[in-house]
Structures are given as structure tokens and as C-alpha cells.
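Note sheet for the following structure.
Side chains included, hydrogens not; waters and symmetry mates left out as well; all remaining heavy atoms used.
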Amino acid sequence: MAGITDRPFRDLVMRFGAGMVVSEMVASQEMVQAKPGVRERAELSADVENTAVQLAGREAHWMAEAARQVVDRGARVIDINMGCPAKKVTNGYSGSALLKTPDHALTLIEAVVDAVDVPVTLKTRLGWDDKLLNAPDVARRAQDAGIRMVTIHGRTRCQFYKGRADWQAIRAVKEAVSIPVVANGDIIDSEAARTALVQSGADGVMVGRGAQGKPWLLAQICHDLYGAAAPDIPVGADLIEMVRAHYQAMLSFYGTELGLRVARKHLGWYMDEAGTSATLRRAVLTSRDTNEVLQLLGDAFNSSAEVAA
């Protein structure tokens, strides 16, 4: 999730416990050509265990070169993005637009697989629209080209994030390949994860938007479904300390001016979960004084706790 799964957030999620985290989507050509901000995004914790670097693009040369560069920087897994529905991505014939040209998509997959020695995975959707539900065929061809795992978001590109993810439809992909298949879309809690696994027959689940404001969710699902260690979910003073630490990590990572803007969405999600009052929420999200924000965060979560009690 561009602008969300940055280094500070991934580090926080991993501290709670997660099987794997994935970097923000990195545009391959822009990274190779060292466009400002893109190379830095690709380098973020590429060498950290259980971190995949996700690449997007439309030309085999740039995809292969970008893959080589991030592997040289320590990436353990390369994930190819064929699922992003954003117009600025699909208008450039990248992301889920590649579902409309599977022959061309295969040239990108083959180029990346041939370029690196680490596992290459694929993230995509059910299809472009209801008339082109070609994920099973794309997954089968991707497997033949050397893809080691495929993640399917249970919507078409034209659905964007509307309606509900169709986990049952992912089963056709699972039946088409022998590599692991991961179900994605609307995994908001352990019950949703369990249902998605039953309906899809998938080997695992990927959590996206469900982790916003709940960085412990992946670990909680692992505990509830597979018996992994239970995460120590913070409450009260511990929650305030966690949110403040995440805020300060974003300021340190981005610098104060940009960090203030980037942090707002995360702070908003935390306050949504906590039921913070509208007045305090507004104060937190509009202040440009970092010390004031740190103080207000204590007030925001203390007040919500008092209301809940």
C-alpha cells in the first residue's frame, strides 16, 4: 500500500509478529533512473528478513534491472505487482492493467525470474472486469515461468475496493496451480481470515487495509488460526507509548515537515480504533507543533478510554 507500508509501519508490524511484510510498490523504471524518493523506498529494509520488495512496471528491461538492484541491496523476495487498480498506474499499462495483456505480462515475469536468484512472487486480482476473469490462467502461466507464490485480491480491477471480496472465486486459482496461493481482500480480523481460507482453499491470507490502526492484527491472526505466540496488544499507557513511538519514528524517517503530513493518516486510524472524540481528533490532526501532538495523543487515548469505561 503506497504511502502506508513504509519502513516505520513495517517495523512496527514485524515487532508484533508477522509471517512476511511487503514494501510499498516501487516503480521499476523510476527506481533504476534514480527518481527522487523512489530508490530510497526500494532500499527500505530490503535486507530485513521476511520483507518482500514489490516492483511495478510495463517493460521487461526496467523490471529486470530494478529486481537486480534491490537484490544487490539485500532483498530476499521480489513481488511483482499486477493488482494495483489506481488509474495513474493502470493508465501507464502497469499494475492490474497487465491482466488485459497476459502475453506481455509474462515477458515481465520471465525477465524478473531470469534476472535474480531469490524467490519471485506475484500479486494480482481476479481479472480486469467481470468479462475478463483470467486469474487462473495467468497464475498457471506465471507458475510455469518460475513464480513461487501468487496472491489474489478477491476483486476485479474495475471493482477497485467496492463491494466485498469474493474469496470463493480465488478457489479457481488454487485449483489451477501447485504453488502456494494467498487470499487477499477484506481480511479485517481472524474470523474473516478463517472464512477466506475455507472458501478459497488458499494456503494463507494477506492483510492490507485491515492493519490500519491495528499493527498487531497479522500476529493476532497467526495466533488465532495457527497457534503462534499471542501478540501483546497495547492498551492504556502502553497504547499511548506505541502511538507516540510510531509518530516519532515517522518524523525521524521523513523529516519533520513531510513526517507531519504522512503521520496524520496513521494517527487518524489509531484514533478511529480508540473512539477518540471529534474535538481531540481535530486538534491532533491539525497541529503543526510536534510536542503539542505528543501531548494531545496522551489526552486523546486517555479520554477515549474513559468514555469506553
Side-chain angles (χ1 to χ4, degrees), residues 1-26 40-54 70 73-77 79 121 123 151 182 184 187-190 192-193 204-256 258-260 262-274 276 284 290 293-294 297-298 300-302 304-305:
M1 296 183 290
I4 300 172
T5 56
D6 55 18
R7 175 67 182 267
F9 188 60
R10 294 200 308 272
D11 285 350
L12 182 55
V13 170
M14 287 298 289
R15 283 200 293 273
F16 281 103
M20 174 177 284
V21 293
V22 184
S23 76
E24 299 171 85
M25 180 179 67
V26 179
E40 290 82 358
R41 194 155 61 238
E43 291 177 348
L44 307 182
S45 67
D47 59 343
V48 175
E49 189 174 2
N50 297 338
T51 296
V53 175
Q54 187 179 84
V70 295
R73 288 167 174 77
R76 320 272 182 98
V77 177
D79 188 55
T121 62
K123 171 78 187 301
T151 299
V182 176
N184 173 238
I187 311 295
I188 59 172
D189 55 29
S190 296
V205 295
M206 175 179 281
V207 178
R209 293 170 296 155
Q212 294 171 177
K214 296 179 289 186
W216 52 81
L217 179 60
L218 282 76
Q220 186 64 51
I221 290 173
C222 288
H223 169 68
D224 291 341
L225 271 61
Y226 302 110
D232 186 8
I233 299 175
V235 296
D238 290 338
L239 177 61
I240 294 170
E241 181 180 354
M242 185 207 78
V243 174
R244 283 174 170 166
H246 187 193
Y247 178 64
Q248 291 174 311
M250 288 183 281
L251 295 178
S252 175
F253 184 77
Y254 290 105
T256 300
L258 178 57
L260 277 168
V262 172
R264 286 172 185 150
K265 55 181 173 286
H266 287 283
L267 298 182
W269 292 323
Y270 287 132
M271 289 187 287
D272 287 344
E273 289 296 316
T276 301
V284 169
T290 58
V293 171
L294 289 169
L297 286 173
F301 291 101
N302 276 329
S304 63

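A donor-acceptor pair under 3.5 Å is absent between the side-chain atoms of Thr276 and the main chain of Phe301, judged by distance alone. Here the side chain of Asn184 pairs a donor or acceptor atom with the backbone of Met206 at under 3.5 angstrom.
Using a 4.5 Å heavy-atom threshold, the side chains of Tyr254 and Asp6 count as touching. Contact check for Val293 versus Leu267: side-chain heavy atoms found under the 4.5 Å cut-off. At least one side-chain heavy atom of Met20 sits under 4.5 Å from a side-chain heavy atom of Val77. Residues Leu12 and Met242 are in side-chain contact: their nearest non-hydrogen atoms beyond the backbone lie under 4.5 Å apart.
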Would Gln248 and Leu294 count as a side chain to side chain contact (heavy atoms under 4.5 Å, CB included) if you check the C-alpha gap in whole Å, the side-chain angles of each, and the deciding distance to 0.1 Å? CA-CA 9 Å; Gln248 291 174 311; Leu294 289 169; 3.7 Å; yes
For Ile187 and Ile221, run side chain to side chain contact (heavy atoms under 4.5 Å, CB included): C-alpha distance rounded to whole Å, both residues' side-chain angles, the deciding distance at 0.1 Å, then the answer. CA-CA 10 Å; Ile187 311 295; Ile221 290 173; 4.0 Å; yes
Please assess Val182 against Thr121 for the test side chain to side chain contact (heavy atoms under 4.5 Å, CB included), listing each intermediate value before the final yes or no. CA-CA 11 Å; Val182 176; Thr121 62; over 6 Å; no
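To the nearest 0.5 Å, atom CG of residue Asn302 and atom CD1 of residue Ile240 are 4.0 Å apart. If you take CD on Gln212 and CD1 on Ile4, they are separated by 4.5 Å, rounding to the nearest 0.5 Å. Summarising the geometry, atom OG1 belonging to Thr290 is positioned 12.5 Å from atom CE belonging to Met250; distances are rounded to the nearest 0.5 Å. In this structure, CZ in Phe253 is found 10.5 Å from NE2 in His246, a value given to the nearest 0.5 Å. Atom CG of Leu239 is separated from atom CD1 of Ile233 by 10.5 Å, given to the nearest 0.5 angstrom.
Aromatic ring orientation, Phe9 versus His266: tilted (interplanar angle from 30° to 60°).
Here the closest heavy-atom approach between residue Asp224 and residue Ser190 is recorded as OD2-OG, 2.6 Å. Residues Trp216 and Pro234 approach most closely at CE3-CD, 3.8 Å, considering heavy atoms. Contact record, Ala211 with Leu218: CB-CD1, 4.0 Å, taken as the closest heavy-atom pair. Among all heavy-atom pairs drawn from Ala219 and Gly17, the shortest one is CB-O, 2.9 Å. The two residues Thr5 and Ser23 make their nearest non-hydrogen contact at OG1-C, 3.7 Å. Counting all heavy atoms, side chain and backbone alike, Arg10 lies closest to Val22 at CD-O, 3.4 Å.
When the shell of 6.0 Å around CG of Asp232 is examined, it contains 12 or fewer heavy atoms from other residues, nucleotides or ligands. Atom CD of Glu273 sits in a crowded spot, with more than 12 heavy atoms from other residues, nucleotides or ligands closer than 6.0 Å.
Looking at Arg15 and Asp11, no side-chain N of the basic residue comes within less than 4.0 Å of a carboxylate O on the acidic one, giving no salt bridge.
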